[in-house]
Amino acid sequence: QKEVEQNSGPLSVPEGAIASLNCTYSDRGSQSFFWYRQYSGKSPELIMSIYSNGDKEDGRFTAQLNKASQYVSLLIRDSQPSDSATYLCAVRLYNQGGKLIFGQGTELSVKP
Amino acid sequence: DAGVTQSPTHLIKTRGQQVTLRCSPKSGHDTVSWYQQALGQGPQFIFQYYEEEERQRGNFPDRFSGHQFPNYSSELNVNALLLGDSALYLCASSLTGSSGTGRETQYFGPGTRLLVL
């Protein structure tokens with residue numbers, strides 16, 4: 001079982017729709033959770049971080065964390081073609097220093 | 001405020017050669033982490049440097065080594081290059097400071113794309 005798993009994608013949504021990206025993790029000692037966006041040929045760019053159960057909203061983005069289910073998700077409202085990218089879920093374990101464990105990423109395509 | 005910078009941007013080497021990649025962290029950051037990202041995969045943690053020492057290491061062979069300088073910049077060295085070392089090498093900087101809460105956010109540089117022939 002992979003430590004962090006994401007829907008392999010690609011995920012295609014029409015412009016203006018809600019895109020839902022999911023991530024599960026295997027270690028219950030996971031403490032911090034991050035979503036990064038990576039455009040083709042570029043480096044990852046931080047979108048959201050979340051540490052406690054529940055929802056965290058930032059503009060069109062909402063991160064949701066459920067530690068009991070070992071599940072974290074990212075919702076993108078009013079999706080735009082510029083949101084087309086690969087979205088990486090990353091997890092940090094408790095007492096594991098700075099190491100981030102990444103999923104393989106989900107490719108999102110927003111069609112005009 | 002300068003972000004994370006890396007050099008070079010691209011590099012082509014042949015098998016068996018050695019390579020050095022460089023990273024300057026974001027202003028005010030004291031910790032540098034290195035990741036390897038193969039095509040179509042998520043980044044894999046190589047190691048992290050803090051206070052000029054390797055604080056944590058991932059599952060990479062000893063051919064991968066690093067260094068952090070007093071100004072917090074860092075180098076990644078890879079010896080005896082293999083074809084499988086071809087990847088995007090990412091440097092991420094963060095601030096550990098004195099508290100080390102474990103919630104430090106890592107910001108990535110543009111990466112160095114290494115091709116081994």
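Note that this is a predicted model, so its numbers are computed, not measured. Order of the sequence lines fixes the chain letters, A, B, ..., with proteins taken first and strands second; residue numbering starts at 1 for each chain. When reading the values below, keep in mind they use all heavy atoms of this one structure, side chains included, and skip hydrogens, waters and symmetry mates.
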Answer yes or no: does atom [atom1] of [X] have more than 12 heavy-atom neighbours from other residues, nucleotides or ligands under 6.0 Å?
X: B:N71; atom1: CG; answer: yes
X: B:L82; atom1: CG; answer: yes
X: A:R77; atom1: CZ; answer: yes
X: B:L39; atom1: CG; answer: no

Review point. Rounded to the nearest 0.5 Å, how far apart are CZ of A:R92 and OG1 of B:T105?
Key: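 Those atoms lie 7.0 Å apart.
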Check your understanding: Roughly how far apart are B:Q44 CD and A:K99 NZ, rounded to 0.5 Å?
Key ->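 Going from CD on B:Q44 over to NZ on A:K99, the span is 9.0 Å.
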Point to revise | Structural part of B:R113 lying under 4.5 Å from a heavy atom of chain A | key: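 When you check distances to chain A, only side chain atoms of B:R113 fall under 4.5 Å.
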**Study point:** Contact origin within B:Q37 toward chain A - heavy atom pairs under 4.5 Å
**Key:**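 Contact with chain A involves the side chain of B:Q37 alone.
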Point to revise | Exercise: identify the closest heavy-atom pair between A:P44 and B:P43 | key: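 For A:P44 versus B:P43, the nearest heavy atoms are CG-CG, 4.5 Å.
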Point to revise | Exercise: identify the closest heavy-atom pair between B:G42 and A:L88 | key: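 Result for this residue pair: CA-CD2, 4.1 Å.
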Are [X] and [Y] linked, directly or through other ILVMFWY residues, by side chains that come within less than 4.5 angstrom of each other?
X: B:L88; Y: B:L76; result: no
X: B:F108; Y: B:V32; result: no
X: B:Y89; Y: B:Y49; result: yes

Exercise for review: Measure distances from A:L100 to the heavy atoms of chain B and classify the residue's part below 4.5 Å as side chain, backbone, both or neither.
Suggested key: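 It is both, since atoms from each part get that close.
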Review point. Is it the side chain or the backbone of A:E45 that comes within 4.5 Å of chain B heavy atoms, both, or neither?
Key: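 Answer is neither: A:E45 stays 4.5 Å or more from chain B.
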Exercise for review: Quick one: which of B:Y35, B:Y107, B:F47 has the most heavy-atom pairs under 4.5 Å with chain A, could you say?
Suggested key: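 Option with the top pair count is B:Y35.
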